[in-house]
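One-based numbering, in listed order, for ligands and for the atoms of each.
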Amino acid sequence: MARQPAATTQPSPANRIQRLISQFSSLRVDAFLVSHPPNIRYLSGFSGSAGFLLIEPARATLFTDSRYTFQAREETVGIRVHIAKTGLLAAVAAALKSRSGRRRVACSDTHLTVAQKRALEALAGKRVRWVADANAVEKLRAIKVPSELSIIREAAELISQVFRDATKLIRPGMSELDVAAEIEYAIKRRGSSGASFETIVASGARSAWAHARPTSKLLKRNELVVLDHGAILRGYCSDMTRTVSLGKASSRVRKLYKAVLDAQQAGKAAIRPGALAGDVDKAARRVLRQAGLARYFTHSTGHGLGIEVHEMPRLGKGDGTILQEGMVLTVEPGVYIEGLGGIRIEDDVVVTASGAQDLTTATRDLLEL
Ligand SMILES: [Mn+2]
(Lines give C-alpha, C1' and ligand atoms only; values in the text may rest on other atoms or scores of the structure.)
Protein backbone atom coordinates (compact mmCIF):
# COMPACT_ATOMS: atom_id res chain seq x y z
CA MET A 1 0.00 0.00 0.00
CA ALA A 2 1.51 3.30 -1.09
CA ARG A 3 2.13 5.91 1.57
CA GLN A 4 0.98 9.46 0.97
CA PRO A 5 3.83 11.90 0.53
CA ALA A 6 4.18 14.43 3.36
CA ALA A 7 2.01 17.53 3.02
CA THR A 8 5.08 19.73 2.77
CA THR A 9 6.33 18.13 -0.45
CA GLN A 10 5.45 19.11 -4.00
CA PRO A 11 2.54 17.53 -5.91
CA SER A 12 2.86 13.78 -6.33
CA PRO A 13 5.40 12.89 -9.00
CA ALA A 14 3.60 9.58 -9.60
CA ASN A 15 3.47 9.53 -13.40
CA ARG A 16 6.41 11.82 -14.14
CA ILE A 17 8.87 8.93 -14.13
CA GLN A 18 6.60 7.00 -16.50
CA ARG A 19 6.50 9.97 -18.86
CA LEU A 20 10.30 10.06 -18.88
CA ILE A 21 10.54 6.30 -19.48
CA SER A 22 8.13 6.63 -22.41
CA GLN A 23 10.78 8.83 -24.08
CA PHE A 24 13.58 6.28 -23.74
CA SER A 25 13.13 4.88 -27.26
CA SER A 26 13.15 8.30 -28.94
CA LEU A 27 16.14 9.34 -26.81
CA ARG A 28 17.73 5.97 -27.69
CA VAL A 29 18.65 5.19 -24.09
CA ASP A 30 18.12 2.23 -21.75
CA ALA A 31 18.42 4.21 -18.52
CA PHE A 32 18.54 7.77 -17.25
CA LEU A 33 20.83 9.03 -14.49
CA VAL A 34 19.38 12.20 -12.91
CA SER A 35 21.90 14.30 -10.98
CA HIS A 36 20.44 17.83 -10.78
CA PRO A 37 18.62 18.17 -7.42
CA PRO A 38 15.58 20.07 -8.86
CA ASN A 39 15.16 17.30 -11.45
CA ILE A 40 15.43 14.65 -8.73
CA ARG A 41 12.84 16.50 -6.69
CA TYR A 42 10.49 16.77 -9.66
CA LEU A 43 10.68 13.07 -10.48
CA SER A 44 10.84 11.55 -7.01
CA GLY A 45 9.75 14.11 -4.40
CA PHE A 46 13.14 13.85 -2.66
CA SER A 47 14.28 17.35 -1.66
CA GLY A 48 17.72 16.57 -0.20
CA SER A 49 20.84 18.20 -1.61
CA ALA A 50 22.85 15.04 -2.32
CA GLY A 51 21.66 12.17 -4.45
CA PHE A 52 21.42 10.46 -7.81
CA LEU A 53 18.23 9.03 -9.27
CA LEU A 54 18.67 6.12 -11.65
CA ILE A 55 15.61 5.52 -13.83
CA GLU A 56 15.37 2.16 -15.57
CA PRO A 57 12.26 0.81 -17.31
CA ALA A 58 11.60 -1.66 -14.49
CA ARG A 59 12.65 0.40 -11.47
CA ALA A 60 13.70 3.75 -10.10
CA THR A 61 16.47 3.91 -7.48
CA LEU A 62 17.44 6.91 -5.38
CA PHE A 63 21.07 6.81 -4.25
CA THR A 64 21.75 9.07 -1.30
CA ASP A 65 23.73 9.04 1.95
CA SER A 66 22.92 8.28 5.58
CA ARG A 67 22.08 11.91 6.42
CA TYR A 68 18.94 11.44 4.32
CA THR A 69 17.81 7.94 5.31
CA PHE A 70 14.54 9.02 6.96
CA GLN A 71 13.86 11.97 4.69
CA ALA A 72 14.25 9.89 1.53
CA ARG A 73 11.78 7.30 2.81
CA GLU A 74 9.32 9.99 3.87
CA GLU A 75 9.42 12.03 0.67
CA THR A 76 9.37 9.31 -1.98
CA VAL A 77 6.76 6.76 -3.02
CA GLY A 78 7.41 3.69 -5.15
CA ILE A 79 11.14 4.36 -5.41
CA ARG A 80 13.92 2.16 -4.03
CA VAL A 81 16.14 4.08 -1.65
CA HIS A 82 19.77 3.00 -1.61
CA ILE A 83 21.86 4.50 1.21
CA ALA A 84 25.41 4.46 -0.14
CA LYS A 85 28.12 3.52 2.35
CA THR A 86 31.19 4.26 0.27
CA GLY A 87 30.35 7.04 -2.16
CA LEU A 88 27.32 7.78 -4.31
CA LEU A 89 29.04 7.44 -7.66
CA ALA A 90 30.50 4.07 -6.71
CA ALA A 91 27.04 2.84 -5.73
CA VAL A 92 25.47 4.09 -8.97
CA ALA A 93 28.25 2.53 -11.03
CA ALA A 94 28.02 -0.78 -9.18
CA ALA A 95 24.28 -0.94 -9.89
CA LEU A 96 24.85 -0.29 -13.60
CA LYS A 97 27.68 -2.80 -13.72
CA SER A 98 25.47 -5.50 -12.23
CA ARG A 99 23.02 -5.33 -15.17
CA SER A 100 23.66 -7.59 -18.13
CA GLY A 101 24.52 -6.48 -21.66
CA ARG A 102 25.57 -3.18 -23.16
CA ARG A 103 23.57 -0.18 -22.07
CA ARG A 104 23.14 3.43 -23.12
CA VAL A 105 22.66 5.68 -20.09
CA ALA A 106 21.60 9.35 -20.33
CA CYS A 107 23.29 11.89 -18.09
CA SER A 108 23.42 15.66 -17.99
CA ASP A 109 26.24 17.43 -19.77
CA THR A 110 25.13 20.62 -17.97
CA HIS A 111 24.98 19.49 -14.36
CA LEU A 112 27.45 16.62 -14.03
CA THR A 113 31.01 17.79 -13.34
CA VAL A 114 33.92 16.60 -15.45
CA ALA A 115 35.29 14.78 -12.38
CA GLN A 116 31.97 13.01 -11.74
CA LYS A 117 31.67 12.00 -15.38
CA ARG A 118 35.23 10.59 -15.41
CA ALA A 119 34.56 8.67 -12.20
CA LEU A 120 31.34 7.19 -13.61
CA GLU A 121 33.08 6.17 -16.83
CA ALA A 122 35.89 4.50 -14.93
CA LEU A 123 33.68 2.79 -12.33
CA ALA A 124 30.82 1.61 -14.56
CA GLY A 125 33.11 0.11 -17.17
CA LYS A 126 32.98 -0.22 -20.94
CA ARG A 127 29.57 -1.85 -21.22
CA VAL A 128 27.93 1.46 -20.29
CA ARG A 129 27.78 4.09 -23.00
CA TRP A 130 27.08 7.61 -21.61
CA VAL A 131 24.92 9.88 -23.77
CA ALA A 132 23.68 13.46 -23.31
CA ASP A 133 20.21 13.68 -21.76
CA ALA A 134 18.86 16.37 -24.16
CA ASN A 135 17.41 18.23 -21.14
CA ALA A 136 14.48 15.79 -21.19
CA VAL A 137 13.54 16.40 -17.55
CA GLU A 138 13.83 20.18 -17.86
CA LYS A 139 11.47 20.00 -20.84
CA LEU A 140 8.90 18.01 -18.84
CA ARG A 141 9.20 20.51 -15.99
CA ALA A 142 8.43 23.46 -18.28
CA ILE A 143 4.74 22.47 -18.55
CA LYS A 144 3.00 22.77 -15.20
CA VAL A 145 -0.02 20.72 -14.16
CA PRO A 146 -2.89 22.36 -12.23
CA SER A 147 -1.59 21.28 -8.81
CA GLU A 148 1.76 22.94 -9.56
CA LEU A 149 0.05 26.05 -10.93
CA SER A 150 -1.98 26.52 -7.80
CA ILE A 151 1.19 26.50 -5.67
CA ILE A 152 2.97 28.96 -7.97
CA ARG A 153 -0.11 31.17 -7.92
CA GLU A 154 0.04 31.16 -4.11
CA ALA A 155 3.78 31.93 -4.14
CA ALA A 156 3.09 34.81 -6.55
CA GLU A 157 0.31 36.18 -4.34
CA LEU A 158 2.60 35.88 -1.34
CA ILE A 159 5.34 38.01 -2.93
CA SER A 160 2.74 40.51 -4.15
CA GLN A 161 1.62 40.91 -0.55
CA VAL A 162 5.22 41.24 0.65
CA PHE A 163 5.69 44.09 -1.85
CA ARG A 164 2.57 45.84 -0.51
CA ASP A 165 4.00 45.45 3.01
CA ALA A 166 7.33 46.91 1.84
CA THR A 167 5.74 50.00 0.28
CA LYS A 168 4.37 50.90 3.72
CA LEU A 169 7.78 50.92 5.42
CA ILE A 170 10.23 52.13 2.76
CA ARG A 171 11.41 55.67 3.47
CA PRO A 172 14.52 57.82 2.94
CA GLY A 173 17.23 57.09 5.51
CA MET A 174 16.81 53.31 5.45
CA SER A 175 19.64 51.38 3.84
CA GLU A 176 19.15 48.99 0.94
CA LEU A 177 20.11 46.18 3.33
CA ASP A 178 17.46 47.34 5.84
CA VAL A 179 14.78 47.09 3.15
CA ALA A 180 16.06 43.71 1.93
CA ALA A 181 16.04 42.37 5.51
CA GLU A 182 12.44 43.54 6.04
CA ILE A 183 11.39 41.92 2.77
CA GLU A 184 13.04 38.59 3.58
CA TYR A 185 11.56 38.63 7.09
CA ALA A 186 8.10 39.26 5.64
CA ILE A 187 8.61 36.46 3.11
CA LYS A 188 9.14 33.96 5.93
CA ARG A 189 6.47 35.42 8.20
CA ARG A 190 3.97 34.96 5.38
CA GLY A 191 4.69 31.23 5.27
CA SER A 192 7.39 30.87 2.62
CA SER A 193 10.40 28.65 3.32
CA GLY A 194 12.60 31.50 2.10
CA ALA A 195 13.51 33.85 -0.71
CA SER A 196 13.86 32.22 -4.14
CA PHE A 197 17.06 34.26 -4.67
CA GLU A 198 18.96 36.99 -2.84
CA THR A 199 16.54 39.93 -2.70
CA ILE A 200 17.60 42.87 -4.87
CA VAL A 201 17.13 46.36 -3.44
CA ALA A 202 18.96 48.92 -5.58
CA SER A 203 18.51 52.66 -5.20
CA GLY A 204 19.52 55.79 -7.06
CA ALA A 205 22.31 55.33 -9.60
CA ARG A 206 22.80 51.77 -8.33
CA SER A 207 19.35 50.82 -9.65
CA ALA A 208 20.96 50.84 -13.11
CA TRP A 209 22.81 47.67 -12.10
CA ALA A 210 20.31 45.09 -13.28
CA HIS A 211 21.48 42.52 -10.72
CA ALA A 212 22.68 44.73 -7.88
CA ARG A 213 23.15 43.31 -4.41
CA PRO A 214 21.76 45.41 -1.58
CA THR A 215 24.39 47.51 0.23
CA SER A 216 24.55 49.84 3.23
CA LYS A 217 23.77 52.77 0.91
CA LEU A 218 20.97 54.89 2.37
CA LEU A 219 17.83 55.60 0.35
CA LYS A 220 17.42 59.27 -0.56
CA ARG A 221 14.50 61.42 -1.70
CA ASN A 222 13.92 61.62 -5.45
CA GLU A 223 15.65 58.31 -6.09
CA LEU A 224 14.32 55.27 -7.90
CA VAL A 225 14.35 51.98 -5.99
CA VAL A 226 14.24 48.63 -7.81
CA LEU A 227 12.88 45.79 -5.68
CA ASP A 228 13.30 42.30 -7.18
CA HIS A 229 12.12 39.55 -4.87
CA GLY A 230 10.63 36.10 -4.84
CA ALA A 231 9.41 33.46 -2.41
CA ILE A 232 9.61 29.67 -2.33
CA LEU A 233 6.39 27.93 -1.39
CA ARG A 234 6.25 24.13 -1.12
CA GLY A 235 9.21 23.88 -3.48
CA TYR A 236 8.02 26.38 -6.13
CA CYS A 237 9.34 29.89 -6.77
CA SER A 238 7.85 33.27 -7.52
CA ASP A 239 9.85 36.20 -8.92
CA MET A 240 8.56 39.79 -9.11
CA THR A 241 10.12 43.21 -9.67
CA ARG A 242 8.67 46.63 -9.02
CA THR A 243 10.33 50.03 -9.29
CA VAL A 244 9.18 52.81 -6.97
CA SER A 245 10.05 56.49 -6.69
CA LEU A 246 10.91 58.08 -3.37
CA GLY A 247 9.02 61.35 -3.62
CA LYS A 248 7.62 62.81 -6.80
CA ALA A 249 9.04 61.35 -9.99
CA SER A 250 10.43 63.68 -12.66
CA SER A 251 8.67 63.86 -16.02
CA ARG A 252 11.63 62.01 -17.57
CA VAL A 253 11.27 59.15 -15.08
CA ARG A 254 7.50 59.02 -15.70
CA LYS A 255 8.11 58.76 -19.44
CA LEU A 256 10.67 55.98 -18.99
CA TYR A 257 8.38 54.12 -16.61
CA LYS A 258 5.48 54.26 -19.05
CA ALA A 259 7.68 52.95 -21.88
CA VAL A 260 8.79 49.96 -19.76
CA LEU A 261 5.19 49.24 -18.71
CA ASP A 262 4.03 49.45 -22.34
CA ALA A 263 6.85 47.09 -23.33
CA GLN A 264 5.80 44.65 -20.64
CA GLN A 265 2.17 44.80 -21.82
CA ALA A 266 3.29 44.17 -25.41
CA GLY A 267 5.35 41.19 -24.26
CA LYS A 268 2.42 39.70 -22.36
CA ALA A 269 0.11 40.29 -25.35
CA ALA A 270 2.45 38.25 -27.56
CA ILE A 271 2.12 35.17 -25.31
CA ARG A 272 -0.15 32.35 -26.44
CA PRO A 273 0.26 28.65 -27.22
CA GLY A 274 2.12 28.29 -30.51
CA ALA A 275 3.97 31.61 -30.28
CA LEU A 276 7.75 31.47 -30.06
CA ALA A 277 9.65 32.52 -26.93
CA GLY A 278 11.60 34.95 -29.12
CA ASP A 279 8.33 36.62 -30.27
CA VAL A 280 7.68 37.79 -26.71
CA ASP A 281 11.12 39.33 -26.51
CA LYS A 282 10.66 40.93 -29.93
CA ALA A 283 7.31 42.49 -28.96
CA ALA A 284 8.68 44.02 -25.76
CA ARG A 285 11.88 45.21 -27.44
CA ARG A 286 9.97 46.85 -30.30
CA VAL A 287 8.13 49.15 -27.87
CA LEU A 288 11.37 50.25 -26.25
CA ARG A 289 13.01 50.73 -29.65
CA GLN A 290 10.15 52.97 -30.78
CA ALA A 291 10.67 55.02 -27.60
CA GLY A 292 14.37 55.36 -28.46
CA LEU A 293 15.35 53.18 -25.49
CA ALA A 294 16.49 49.96 -27.16
CA ARG A 295 20.11 50.40 -26.11
CA TYR A 296 19.12 50.62 -22.44
CA PHE A 297 17.33 47.24 -22.45
CA THR A 298 20.31 45.01 -21.86
CA HIS A 299 18.89 41.60 -20.92
CA SER A 300 16.33 39.12 -22.19
CA THR A 301 12.60 39.64 -21.60
CA GLY A 302 11.98 36.74 -19.24
CA HIS A 303 12.36 33.10 -18.31
CA GLY A 304 10.51 30.04 -17.14
CA LEU A 305 9.79 29.67 -13.45
CA GLY A 306 9.00 26.68 -11.24
CA ILE A 307 11.09 24.50 -8.94
CA GLU A 308 13.97 26.76 -10.00
CA VAL A 309 13.73 30.51 -10.30
CA HIS A 310 15.28 30.33 -13.77
CA GLU A 311 14.24 27.38 -15.87
CA MET A 312 13.08 26.60 -19.40
CA PRO A 313 12.11 28.38 -21.59
CA ARG A 314 14.20 31.52 -21.94
CA LEU A 315 12.42 34.50 -23.52
CA GLY A 316 15.47 35.74 -25.38
CA LYS A 317 16.17 37.24 -28.80
CA GLY A 318 15.45 34.71 -31.53
CA ASP A 319 14.63 31.84 -29.17
CA GLY A 320 12.64 29.27 -31.15
CA THR A 321 11.00 27.46 -28.23
CA ILE A 322 7.27 27.04 -28.89
CA LEU A 323 5.16 28.30 -25.99
CA GLN A 324 2.60 25.85 -24.63
CA GLU A 325 -0.35 26.04 -22.29
CA GLY A 326 0.78 25.49 -18.71
CA MET A 327 4.17 27.17 -19.02
CA VAL A 328 4.93 29.73 -16.32
CA LEU A 329 7.01 32.70 -17.47
CA THR A 330 8.33 35.98 -16.18
CA VAL A 331 7.93 39.09 -18.34
CA GLU A 332 10.45 41.66 -17.18
CA PRO A 333 11.69 44.33 -19.56
CA GLY A 334 13.80 47.11 -18.08
CA VAL A 335 15.89 50.16 -18.93
CA TYR A 336 19.16 51.00 -17.19
CA ILE A 337 20.66 54.46 -17.61
CA GLU A 338 24.05 55.25 -16.13
CA GLY A 339 23.82 57.98 -13.50
CA LEU A 340 20.02 58.15 -13.54
CA GLY A 341 19.09 54.61 -12.51
CA GLY A 342 17.04 51.67 -13.68
CA ILE A 343 13.40 50.74 -14.13
CA ARG A 344 12.21 47.13 -14.36
CA ILE A 345 8.70 45.74 -14.05
CA GLU A 346 8.38 41.97 -13.73
CA ASP A 347 5.35 39.73 -13.42
CA ASP A 348 4.87 35.99 -13.39
CA VAL A 349 2.29 34.76 -15.91
CA VAL A 350 0.87 31.40 -16.93
CA VAL A 351 0.28 30.53 -20.58
CA THR A 352 -3.45 29.78 -20.96
CA ALA A 353 -5.36 28.29 -23.91
CA SER A 354 -5.68 31.74 -25.47
CA GLY A 355 -3.02 34.02 -23.96
CA ALA A 356 -1.32 34.88 -20.69
CA GLN A 357 -2.74 35.35 -17.23
CA ASP A 358 -0.97 37.33 -14.50
CA LEU A 359 -0.07 35.42 -11.34
CA THR A 360 1.57 38.35 -9.52
CA THR A 361 -1.02 40.94 -8.52
CA ALA A 362 0.79 43.98 -7.06
CA THR A 363 -0.01 47.27 -8.76
CA ARG A 364 2.07 48.25 -11.80
CA ASP A 365 1.31 51.96 -11.35
CA LEU A 366 4.35 54.08 -10.54
CA LEU A 367 4.24 54.45 -6.77
CA GLU A 368 5.65 57.68 -5.28
CA LEU A 369 6.47 56.88 -1.67
MN1 LIG B 1 13.22 37.17 -13.04
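- In this structure, the side chain of Glu311 engages the main chain of Ile307 through a donor-acceptor pair within 3.5 Å.
- With sequence neighbours excluded, the residues forming a side chain to side chain donor-acceptor pair (under 3.5 Å) with Arg59 are Glu56, listed by chain and number.
- Sorting the N, O or S atoms of Asp239 by how far they are from the Mn ion (ligand 1) puts OD2 first.
- Taking OG of Ser44 as the reference point, atom CD1 of Ile17 lies at 6.5 Å (rounded to 0.5 Å).
- Residue Glu346 counts as close to the Mn ion (ligand 1), with an N, O or S atom under 2.8 Å.
- Residue His303 counts as close to the Mn ion (ligand 1), with an N, O or S atom under 2.8 Å.
- From Leu54, atom CG reaches atom OG1 of Thr61 across 5.5 Å, with rounding to the nearest 0.5 Å.
- In terms of distance to the Mn ion (ligand 1), the nearest N, O or S atom of Glu332 is named OE2.
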